[in-house]
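A short write-up of the structure that comes next.
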Amino acid sequence: MALISLEHVTKEYDGKPVVNDLSLKVGQGELFVLVGTSGSGKTTTLKMINRLVDPTSGVIEFADKPLTSYKMRDLRWDLGYVLQQIALFPTMTVAQNIAVIPEMKGWSRQKIRAATDELLTTVDLPPAEYRNRMPSELSGGQQQRIGILRALASRPKVVLMDEPFSALDPISRTQLQDML
Ligand SMILES: Nc1ncnc2c1ncn2[C@@H]1O[C@H](COP(=O)(O)OP(=O)(O)OP(=O)(O)O)[C@@H](O)[C@H]1O
Ligand SMILES: [Mg+2]
């Protein structure tokens with residue numbers, strides 16, 4: 001069974017295709033990587049899989065059902081997304097940023113707190129020091145790490161990552177890749 005499948009997907013902006021007749025399948029447990037030059041349509045493809053944008057033509061399926069047959073909320077729960085521009089919520093603390101989807105899922109306070117602290121520890125950000133910081137009080141690489149934790153926190157079925165390790169030094173990058 002394919003977890004994600006694209007069949008002849010095209011996305012046009014102003015009548016010009018930026019993704020042109022793309023077909024692919026990603027199975028459970030598979031690590032699938034899109035490689036391409038700047039502007040070749042990688043981010044657009046991820047956004048279509050997450051329904052931030054809809055294709056002009058073609059069909060995208062998640063777990064063998066068209067994306068359009070899912071409630072938007074259910075998709076957000078099942079697909080974690082690390083954006084190319086990190087975009088943490090600026091008025092929320094680090095812990096609140098990580099907890100967005102777990103909160104929506106109705107996890108208990110204790111469970112959220114335990115999961116948040118464990119994740120922060122994994123990426124070498126001591127919870128006592130970082131839990132209550134605001135995104136503006138973090139370095140770019142630290143913000144990037146929180147963006148990744150936010151996508152992983154609720155253990156989604158799929159994690160879409162858009163150049164998630166680009167702002168990181170080689171040591172943090174290796175650490176996060178191992179964690180993933
Ligand atoms: N909302 C939009 N309206 C018009 N054109 C767009 C829009 N979004 C993206 N594009 C264009 O679509 C093309 C693909 O963009 P996309 O962001 O998918 O590229 P990318 O492969 O992720 O590039 P990069 O490696 O630089 O991140 C680009 O030429 C871009 O200018
Ligand atoms: Mg991109």
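When a ligand or atom number is given, it counts from 1 through the structure's own listing order. These numbers come from a predicted model, not from an experiment. If you read the sequence from its start, that first residue is 1, and numbering goes on from there.
The side-chain tip of Arg150 points at the ring of Phe89 from less than 6.0 angstrom away and within 45° of straight on.
Residue Val33 shares its hydrophobic cluster (ILVMFWY side chains chained together at separations under 4.5 Å) with Val35. In the hydrophobic clustering, where aliphatic and aromatic side chains (Ile, Leu, Val, Met, Phe, Trp, Tyr) are joined below 4.5 Å either directly or transitively, Ile112 groups with Trp107.
Ion pairing between a basic and an acidic side chain is recognised when a charged N comes within 4.0 Å of a carboxylate O; Lys42 and Asp162 show no such pairing. Between Glu103 and Arg109 there is no salt bridge, since none of the side-chain N atoms of the basic residue sits less than 4.0 Å from a carboxylate O of the acidic one.
Asp178 is linked by a side-chain contact (heavy atoms from CB on, under 4.5 Å) to Thr174, counting only residues two or more places apart in sequence or in another chain.
The Mg ion (ligand 2) does not have Thr44 among its coordinating residues (no N/O/S atom, backbone or side chain, under 2.8 Å).
Taking a heavy-atom cut-off of under 4.0 Å, ligand 1 is surrounded by Tyr13, Val18, Thr37, Ser38, Gly39, Ser40, Gly41, Lys42, Thr43, Thr44, Gln84, Glu163.
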